[in-house]
Amino acid sequence: GENVEQHPSTLSVQEGDSAVIKCTYSDSASNYFPWYKQELGKRPQLIIDIRSNVGEKKDQRIAVTLNKTAKHFSLHITETQPEDSAVYFCAATRSSNYKLTFGKGTLLTVNP
Amino acid sequence: DVKVTQSSRYLVKRTGEKVFLECVQDMDHENMFWYRQDPGLGLRLIYFSYDVKMKEKGDIPEGYSVSREKKERFSLILESASTNQTSMYLCASRRDENTIYFGEGSWLTVV
């Protein structure tokens, strides 16, 4: 089955700096890669996703890149703000009717 | 707006009790999931269902079972609760390859 590795487990940055979180996956058939943000005490919520036919996707300060050959994808947050502090999860899955496997999460702390 | 509702937010049960965690979604989604979240271990899949009465084991199914008699409802059952099942349980749903939506979570303590 799919195995998703996520690094680092914790990340501390100064406000305004960039943050990068990296994930690798094992199943070459995976074709959908979402990123979720979970604030303390709340449910995880989708912030951005990418499909295997695209190499990069951007949404304001957030971007995701995908390298299918190397089987890794990354989340990039620019100009970080204190409200970006949360746990971020990457995930990978094949097509529909298939399980979604998550990484173990990264606790991002943005210091004012 | 998609709604995934977990009926019980906080439960305290005794060892050996049978526990039911209920989840309902209102968007006619085919896929539903039960995850368990523990510090440092992330979100681990217990079971998922891709249609009514259809279920597949996830990564940690031992000690759990599920029921999906209707499309909108997916129940997680702990036949005989144990202290190592103390955790936060998250239900989720999605249609096809699209966004997965999570419920608020159910905090279960087994004493």
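Lettering of chains follows the sequences in order, A, B, ..., and the numbering in each one begins at 1. All values reported here derive from a predicted model rather than from experimental measurement.
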Count I, L, V, M, F, W, Y as connected when their side-chain heavy atoms are under 4.5 Å apart, and connections chain through other members. Are [X] and [Y] then in the same cluster?
X	Y	value
Ile46(B)	Phe33(B)	no
Ile77(A)	Val20(A)	no
Ile60(B)	Leu90(B)	no
Val4(A)	Tyr32(A)	no
Phe20(B)	Trp107(B)	no

Count the heavy atoms of every other residue, nucleotide or ligand shown that sit under 6.0 Å from [atom1] of [X], and state whether that count exceeds 12.
X	atom1	result
Glu83(A)	CD	yes
Arg14(B)	CZ	no
Glu79(A)	CD	no
Lys71(B)	NZ	yes

Going by heavy atoms in the side chains, are [X] and [Y] under 4.5 Å from each other?
X	Y	answer
Thr99(B)	Tyr36(A)	yes
Asp38(B)	Lys104(A)	no
Leu100(A)	Tyr35(B)	yes

Side chain, backbone, both or neither of [X] within contact of chain A (heavy atoms, under 4.5 Å):
X	answer
Glu104(B)	both
Phe102(B)	both
Met88(B)	side chain
Leu43(B)	both

Any chance you could measure [X], atom [atom1], to [Y], atom [atom2], to the nearest 0.5 Å?
X	Y	atom1	atom2	value
Asn31(B)	Thr93(A)	CG	OG1	8.5 Å
Thr101(A)	Leu45(B)	OG1	CG	7.0 Å
Gln37(B)	Phe102(A)	CD	CZ	9.5 Å

Pick from Ala92(B), Gly58(B), Gly42(B), Gly105(B): which one has the most heavy-atom pairs with chain A under 4.5 Å?
-> Gly42(B)
Below 4.5 Å from any heavy atom of chain B, which atoms of Pro34(A) appear? Answer side chain, backbone, both or neither.
-> neither
Could you tell me which portion of Gln38(A) (side chain, backbone, both or neither) has an atom closer than 4.5 angstrom to a non-hydrogen atom of chain B?
-> side chain
Shortest non-hydrogen pair, Val4(B) vs Arg43(A), comes out as O-NH1, 4.0 Å
